[in-house]
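Note that this is a predicted model, so its numbers are computed, not measured.
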Amino acid sequence: MLKNLSLIINCNQVFIRHNEKDVKNNIQVMNELFDAVSNVYIPLLDMFENLEKDNILCRVAFVLSPVLCNLLSNNEVQDLYVNYLDTRIAFGNDELLRCKGQEKLEKNIQITIDRYQNLKKEFVEKYNQNLISAFINYMHKGYIELLATCATDIFIPHYADMKEVISAQIECGLNSFKQYFGEIPEGFWLPDLGYVDGLEKLIKAYGFSYTIVDSRSLLLAKTIPSTGIFYPVRTENSLVFFAQDPNSHDEIYGEGGFINSPFYRNENKDVGFELEPENLKSIWSNEASRIETGFKYWNRNYKDAEKSIYDQETAKKQAQDDAVYFIQKKEEKLNKAAQLMADSDFVTLITTIDAYELSQEWFEGVYWLECLIRTSKKSDINLTSPGDMLENQYSLEKISPYFSSSNGEGYGENLLSSKNCWMMRYIRKACERMVDLADRFPNDTGLKTRLLNIGSVELMIALSSSLARMIDCNDNPDYAERRFKDSIEAFTQVFDSLGSNTVSTEWLTSLEAKDCLFPWMNYRVFSKKK
C-alpha cells in the first residue's frame with residue numbers, strides 16, 4: 001500500500017499599488033512581498049534546481065495566486081525589487097564598518113550581503129526578472145502541480161447567498177491561471193479553506209476535479225467518511241475533497257513547533273528597529289515608519305547579545321534534524337492508518353504550508369523543506385500531489401462536507417471580528433450593485449465598459465480577506481484600511497458615474513494605471529447565471 005504525503009504551498013499576496021507616488025506610502029507591505037521573494041520564492045526555485053542536479057524527482061503542489069502573479073510579472077515591481085536588493089547591499093556595507101572588529105557579527109553581515117548579491121544575480125541574470133516562467137519550467141518538468149484559486153482571497157462562506165459573486169471570483173481566477181500558465185488545472189484552492197454547503201456545484205461547473213478542505217469538513221460531516229482524513233472523498237457531483245492534516249501547522253508553528261528552536265534565526269530582532277536613526281540613513285527615511293532591513297544577527301534563544309549570535313551552520317543542522325523528525329511522525333501516522341485501511345490502495349496526508357508564514361516567521365523554512373524532500377526518499381513515504389491520486393475519482397465514498405475554515409478557530413471568525421466587521425456592510429452593498437450593473441449594462445462598449453471593468457477590479461480587491469485579517473491581527477492595519485476604503489470609494493464613484501451618465505476620463509485613466517490588476521477583466525463575470 002502506498003503511503004502518500006502531499007505538500008501544498010500557498011503563495012498569496014494582497015494587491016499593492018506601486019505607482020511612484022504610492023511606493024513610499026506602501027513601503028512596509030511592498031517590502032513584505034520582496035521578503036517573500038527573497039526568503040521563499042527564489043529559494044524554492046533553487047531547491048528544485050538542487051534536487052534536479054541530484055536526480056531527485058518529487059511532486060509539490062503550489063498555489064500562485066492571481067494577485068501575486070500580477071505583481072511578480074509587473075516590470076515596475078521587478079525594478080523595485082532590484083532597488084530593494086541594492087539598498088540592502090549598501091546598508092550591509094555600512095554595517096560592516098559599524099561592526100568592524102566584532103568577528104561573529106562581521107561574519108553574519110557578510111553572509112547576508114553575499115545572500116542579497118546572489119539573489120540579485122539570480123533574479124536578473126538567471127531568471128531574467130521573470131519568476132513565473134521559472135515556476136512554469138518546473139511544472140513542465142513534473143516537479144510542480146499548480147492549483148488555481150479565486151481572483152482574490154475572498155472568504156467564500158461570507159457570500160454564500162451571492163452565487164454570482166462566488167462564480168465571478170472562481171471564473172476570474174481560472175481566467176488568470178490560463179493567462180499566466182496556459183493550462184486548465186485539475187485542482188482548485190479554496191482561500192482560507194473556507195467551505196460552505198453547495199460550493200462544490202460552483203467549483204465543479206468550471207471543470208475542476210478536486211479541492212482541499214479543513215479536516216473538520218470531513219470529520220463533522222453528517223456521514224463521517226469511513227476512511228477519515230486519510231483518503232479522498234467526493235460530493236454528490238463527484239468533486240473530490242482532500243482534507244488537510246490537522247497537526248502539521250502546530251508541529252511547525254505551535255508552542256512546541258520547529259520554528260521555536262533556539263538555534264533558528266530570531267525574526268523579531270531586526271537591526272532596523274534596534275539602531276539609532278543615524279545608522280539607518282542608507283535604508284530608512286525619518287519621514288516613514290521604521291522598516292525591516294533583513295539584517296538579523298541573533299538566534300531565538302536571545303538572552304545576551306554576545307552569547308546569542310546566530311550561527312547559520314548550527315541552524316541548518318537543526319533544520320535537517322527537524323525534517324527527519326517530521327517525516328518520522330508522518331510515517332508513523334500513515335502506518336497506523338494503513339493498518340486500519342487494509343483494503344485501500346493508498347493512504348494520504350495533506351500538509352499545507354503558507355508562504356507568508358515561511359517568509360515572516362521561519363528563515364530556514366525552505367531549507368527544511370528541501371531536507372524533508374530528501375529525507376522522504378529514504379523512507380516509505382511517497383511524496384506526491386493531490387492531482388496524482390484521482391484515478392478512482394468516480395468510485396470514491398460520497399459525503400456532504402461540513403462548513404469550516406483553516407482560519408481562526410476553524411470557522412474564519414477572525415475575518416468578521418469586532419475590529420473589521422464594519423467592512424462587511426460596504427462590501428456586500430457593492431456586491432449587490434455590481435451584480436445589478438452587470439445585468440443592467442449587458443452589451444455596452446467604450447467608456448461604460450471601461451468603467452464597469454475597473455469597478456469589477458476594485459470590487460475584487462475589496463473582497464480580499466487578507467485586508468480584514470491584517471486589521472484583526474494589527475498587521476499593517478492602516479494600509480489595509482486605506483486599501484479597502486480606496487477600492488470601495490472607487491467602486492462607488494463608478495456606480496455614481498454610470499447612474500449620472502458622466503465620467504471623468506482623466507480619473508478613469510488614472511485609476512486604471514494605479515490598480516492595474518486583471519487587465520483582461522470582463523465585468524460580465526458578475527452577470528446572473530441562468
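- For CD of Glu52, the number of neighbouring non-hydrogen atoms (other residues, nucleotides, ligands) closer than 6.0 Å is greater than 12.
- Proximity of a side-chain donor or acceptor of Ser527 to a complementary backbone N or O of Arg524 within less than 3.5 Å is detected.
- For the residue pair Asp214 / Ser406, no side-chain donor-acceptor distance below 3.5 Å is found, with atom types taken as modelled.
- We find that Glu361 and Arg265 are not joined by a salt bridge, their nearest charged nitrogen and carboxylate oxygen being 4.0 Å or further apart.
- Using a 4.5 Å cut-off on side-chain heavy atoms (C-beta onward), Phe177 and Leu146 make contact.
- For the atom pair Asn237 CG and Leu202 CG, the distance stands at 10.0 Å (nearest 0.5 Å).
- The existence of a salt bridge linking Asp486 and Lys514 is excluded, since no basic side-chain nitrogen approaches an acidic carboxylate oxygen closer than 4.0 Å.
- A salt bridge does not link Lys178 with Glu183: every distance from a Lys NZ or Arg NE/NH1/NH2 to an Asp or Glu carboxylate oxygen is 4.0 Å or more.
- Remark: the Asp245 side chain and the Ser248 side chain contain an N/O donor-acceptor pair separated by less than 3.5 Å.
- One finds no salt bridge joining Lys204 and Glu200 here, because no Lys/Arg side-chain nitrogen approaches an Asp/Glu carboxylate oxygen to under 4.0 Å.
- The pair Lys528-Asp436 does not count as a salt bridge, with every side-chain nitrogen at least 4.0 angstrom from each carboxylate oxygen.
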TODO: Could you give me the CA-CA distance, side-chain angles and deciding distance for Glu370 and Ile56, then say whether side-chain contact (heavy atoms from CB on, under 4.5 Å) is met?
DONE: CA-CA 11 Å; Glu370 182 174 343; Ile56 298 175; over 6 Å; no
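- Side-chain contact of Asn26 with Arg482: a donor-acceptor pair under 3.5 Å is present, judged by distance alone.
- Checked by atom type and distance alone, the side chain of Arg234 never pairs as donor or acceptor with a backbone atom of Leu239 at under 3.5 Å.
- Shown here is Lys429, whose NZ atom has no more than 12 heavy atoms of other residues, nucleotides or ligands within 6.0 Å.
- Under the 30°/60° scheme for interplanar angles, the aromatic rings of Tyr41 and Phe135 are found to stand perpendicular.
- In the displayed structure, Lys419 atom NZ is contacted under 6.0 Å by more than 12 heavy atoms of other residues, nucleotides or ligands.
- Between Val213 and Gln244 the shortest side-chain heavy-atom distance does not fall below 4.5 Å.
- No more than 12 heavy atoms of other residues, nucleotides or ligands shown are found within 6.0 angstrom of CD1 on Ile184.
- Screening Trp189, Phe242, Phe241 for a ring pair (Phe, Tyr, Trp, His ring centres under 6.0 Å) with Tyr210, the sole residue that qualifies is Phe242.
- Side-chain contact between Phe62 and Cys11: present, with at least one pair of heavy atoms (C-beta onward) separated by less than 4.5 Å.
- Here the shortest heavy-atom pairing between Met460 and Thr152 reads O-OG1, 2.7 Å.
- Residues Ile212 and Phe188 are not in side-chain contact: their nearest non-hydrogen atoms beyond the backbone lie 4.5 Å or more apart.
- Between Glu481 and Lys485 there is a salt bridge, since at least one side-chain N of the basic residue sits less than 4.0 Å from a carboxylate O of the acidic one.
- Remark: Leu7 CG to Thr351 OG1 distance equals 6.0 Å, nearest 0.5 Å.
- Using a 30° and 60° split on the angle between ring planes, Trp368 and Phe258 fall in the tilted class, from 30° to 60°.
- A donor-acceptor pair under 3.5 Å links the side-chain atoms of Ser217 to the main chain of Tyr402, judged by distance alone.
- Between the side chains of Glu357 and His249, at least one donor N or O lies within less than 3.5 Å of an accepting N or O.
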TODO: Mind running side-chain contact (heavy atoms from CB on, under 4.5 Å) on Cys431 and Leu463 for me, showing each step along the way?
DONE: CA-CA 9 Å; Cys431 287; Leu463 281 164; 3.8 Å; yes
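- Of the N and O atoms on the side chains of Ser65 and Asn12, at least one donor lies less than 3.5 Å from an acceptor on the other residue.
- The backbone N or O of Gln129 sits less than 3.5 Å from a side-chain atom of Gln78, completing a donor-acceptor pair.
- Although no hydrogens or angles enter the test, the distance criterion places no donor-acceptor pair under 3.5 Å between the side chain of Asp388 and the main chain of Thr384.
- Ion pairing between a basic and an acidic side chain is recognised when a charged N comes within 4.0 Å of a carboxylate O; Asp496 and Arg433 show no such pairing.
- By the 4.5 Å heavy-atom criterion applied to side chains, Ile454 and Ser456 are not counted as neighbours.
- Side-chain contact of Tyr206 with Glu171: a donor-acceptor pair under 3.5 Å is present, judged by distance alone.
- Closest heavy-atom contact between Ala134 and Tyr127: CB-CD2, 3.7 Å.
- Between Val457 and Phe518, the shortest heavy-atom distance links the atoms CG2-O, 4.2 Å.
- No donor-acceptor contact under 3.5 angstrom links the side chains of Tyr81 and Asp86, judged on distance only.
- Annotation for Tyr253: atom OH counts as buried by contact number, over 12 foreign heavy atoms lying within 6.0 Å.
- Annotation: the span from Leu64 atom CG to Ile136 atom CD1 amounts to 9.0 Å, rounded to 0.5 Å.
- Without hydrogens or angle criteria, Ser176 side chain to Cys172 main chain gives no donor-acceptor distance under 3.5 Å.
- A cation-pi geometry, defined here as NZ or CZ lying under 6.0 Å from the six-membered ring centre and within 45° of its normal, holds between Lys141 and Tyr138.
- Side-chain atoms of Ser6 and Arg59 include no donor-acceptor pair closer than 3.5 Å.
- Side chain of Asn420 to backbone of Asn414: a donor-acceptor contact under 3.5 angstrom is found.
- To the nearest 0.5 angstrom, Asp515 atom CG is 4.5 Å from Ile461 atom CD1.
- The structure places CG of Leu147 at 7.5 Å from OG1 of Thr211, a figure rounded to the nearest 0.5 Å.
- Ser359 contributes no side-chain N or O that, together with a main-chain N or O of Ala355, makes up a donor-acceptor pair within less than 3.5 Å.
- Remark: Leu33 CG to Tyr84 OH distance equals 9.5 Å, nearest 0.5 Å.
- Across Ala160 and Ile166, no two heavy atoms sit closer than the pair CA-CD1, 4.1 Å.
- Applying the 6.0 Å contact sphere to NZ of Lys201 captures no more than 12 heavy atoms from other residues, nucleotides or ligands.
- Two residues are said to be in side-chain contact when any heavy atoms from C-beta on lie closer than 4.5 Å; Ile353 and Asn10 fail this criterion.
- At least one side-chain heavy atom of Phe155 sits less than 4.5 Å from a side-chain heavy atom of Ser405.
- Considering Gln360, Arg115, Glu267, Glu364 as possible partners of Asn39, the one that fulfils the side chain to side chain donor-acceptor pair (under 3.5 Å) test is Arg115.
- For the pair Arg483 (side chain) and Phe15 (backbone), a donor-acceptor distance under 3.5 Å is absent.
- A side-chain donor-acceptor contact under 3.5 Å links Asn74 to the backbone of Val77.
- One finds a salt bridge joining Asp192 and Arg469 here, because a Lys/Arg side-chain nitrogen approaches an Asp/Glu carboxylate oxygen to under 4.0 Å.
- Between the side chains of Asn522 and Asn453, no donor N or O sits under 3.5 Å from an acceptor N or O.
- Residues Ile350 and Pro386 come closest through the heavy atom pair CD1-CG, 4.3 Å.
- Nearest heavy atoms, Ala148 versus Phe208: CB-CE2, 3.7 Å.
- Side-chain contact check for Tyr356 versus Glu32: some heavy-atom pair is nearer than 4.5 Å.
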